[in-house]
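Encoded as structure tokens, the structure appears first; notes follow it.
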Amino acid sequence: MQKKSFKSMQCPVAQSLDRIGEWWSILILRDAMRGVARFDDFQKNLGIGTATLTRRLDSLVEAGLLEKQMYQERPRRFEYVLTACGEDFRPVLWSLIAWGNRHFAPEGPSLVIVDTQTGAWADPILVDRETREPIAKPKYEVAAGPNAREPLTSRYRLKSEGPGSTLIRIPPVIN
């Protein structure tokens with residue numbers, strides 16, 4: 001079955017999902033972030049079929065999250081290592097871990113994020129890079145960016161003109 005492509009959608013959530021693709025991709029990235037790099041190790045850790053793993057690895061390479069590097073000439077064998085783009089997915093994964101622990105682990109967490117020096121558990125929050133303030137409602141909201149076009153501008157009634165700017169209220173669209 002061919003998956004729907006979100007490439008034509010302007011929304012960054014849709015664009016990100018187009019690159020990540022499906023749950024196997026997130027699990028592959030999770031394993032890559034802890035040092036798994038070889039096909040057989042991904043397959044063993046995930047219990048994933050060969051064809052599915054091949055497709056997911058190829059799509060993550062094509063999307064620029066993983067890079068394929070040869071580690072053996074005869075027979076040719078490759079490792080899959082995180083790119084800078086793939087490494088930038090780490091906070092997203094850590095947020096998923098924290099969210100899953102908070103809402104779907106009534107028996108307690110099976111994975112936690114820890115301070116490598118003290119062993120203390122960390123609970124990630126999203127903060128603004130510039131102000132270091134936690135990003136949360138009601139102070140923060142998603143708004144149409146300066147390059148947004150329809151349908152995003154009508155879906156998001158606030159529009160930002162750029163860093164440090166004031167928001168412009170967009171009048172509602174009457175259908």
Side-chain angles (χ1 to χ4, degrees), residues 5-37 42 56-57 59-69 79-105 108-173:
S5 174
F6 299 130
K7 280 190 168 76
S8 65
M9 292 180 149
Q10 195 179 22
C11 172
V13 174
Q15 288 291 316
S16 297
L17 287 173
D18 200 61
R19 273 43 173 216
I20 298 301
E22 58 164 59
W23 58 82
W24 283 122
S25 296
I26 295 172
L27 296 175
I28 290 166
L29 289 169
R30 177 203 61 193
D31 281 5
M33 287 177 195
R34 63 180 193 83
V36 176
F42 283 117
R56 296 312 324 143
L57 287 170
S59 83
L60 288 168
V61 168
E62 184 182 328
L65 283 98
L66 293 176
E67 183 177 88
K68 194 173 177 179
Q69 297 177 348
E79 291 182 324
Y80 297 86
V81 296
L82 290 167
T83 62
C85 177
E87 186 59 48
D88 276 352
F89 189 74
R90 188 178 300 272
V92 176
L93 184 70
W94 285 353
S95 293
L96 280 172
I97 290 169
W99 182 67
N101 282 338
R102 223 174 355 268
H103 297 286
F104 308 114
S110 58
L111 284 178
V112 293
I113 301 152
V114 298
D115 181 316
T116 59
Q117 310 221 318
T118 67
W121 290 8
D123 187 18
I125 59 169
L126 188 61
V127 298
D128 178 63
R129 183 182 306 274
E130 205 165 297
T131 65
R132 303 288 191 230
E133 289 182 16
I135 296 177
K137 284 184 92 86
K139 182 174 180 177
Y140 290 92
E141 185 59 77
V142 175
N147 293 320
R149 21 178 229 280
E150 285 301 329
L152 288 183
T153 52
S154 62
R155 288 185 187 146
Y156 295 90
R157 300 286 179 231
L158 301 173
K159 183 170 181 164
S160 168
E161 292 299 323
S165 71
T166 57
L167 291 171
I168 300 166
R169 299 230 176 250
I170 300 171
V173 174

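Residue indices begin at 1 and follow the sequence shown. When reading the values below, keep in mind they use all heavy atoms of this one structure, side chains included, and skip hydrogens, waters and symmetry mates.
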>> Please give me the minimum heavy-atom distance between Pro124 and Trp94, naming the atom from each residue.
In response: CG-O, 3.8 Å
> Can you name the closest pair of heavy atoms from Leu82 and Met33 and give their distance?
Replying inline: CD1-CG, 3.5 Å
>> Checking the side chain of Asp123 only, and the main-chain atoms of Ala98 only, is there a donor and an acceptor separated by less than 3.5 Å?
In response: no
> Can you find a heavy atom in the side chain of Leu29 that is under 4.5 Å from one in the side chain of Leu66?
Replying inline: yes
> Between the side chains of Glu22 and Ser25, does any donor sit under 3.5 Å from an acceptor?
Replying inline: no
> About how many Å separate CZ of Arg30 and CG of Leu111, when rounded to the nearest 0.5 Å?
Replying inline: 7.0 Å
> Would you say the side chain of Arg56 lies within less than 4.5 Å of the side chain of Leu27, judging by non-hydrogen atoms?
Replying inline: no
> Minimum heavy-atom separation for Asp128 to Thr131, with atom names?
Replying inline: OD2-N, 2.8 Å
> Between Asn101 and Ser110, what is the shortest heavy-atom contact and its length?
Replying inline: OD1-N, 3.9 Å
>> Could you walk me through whether Ile20 and Leu65 satisfy the side-chain contact (heavy atoms from CB on, under 4.5 Å) test, starting with their C-alpha distance in whole Å, then the side-chain angles of each, then the deciding distance to 0.1 Å, before giving a yes or no?
In response: CA-CA 9 Å; Ile20 298 301; Leu65 283 98; 3.8 Å; yes
>> Tell me the closest heavy-atom pair linking Ser154 and Pro151, and the distance in Å.
In response: OG-O, 3.1 Å
>> A side-chain contact here means heavy atoms from C-beta on lying under 4.5 Å apart; do Leu60 and Tyr80 qualify?
In response: no
> Do side-chain atoms of Arg155 reach the backbone of Glu150 as a donor and acceptor pair under 3.5 angstrom?
Replying inline: no
>> Distance check, rounded to the nearest 0.5 Å: Thr83 atom OG1 versus Phe89 atom CZ?
In response: 12.0 Å
> Distance-only, no hydrogens or angles: does the Arg19 side chain make a donor-acceptor pair with backbone N or O of Gln15 under 3.5 Å?
Replying inline: yes
> So, for Lys137 and Glu141, which heavy atoms are closest and what is the spacing to 0.1 Å?
Replying inline: NZ-OE1, 2.6 Å
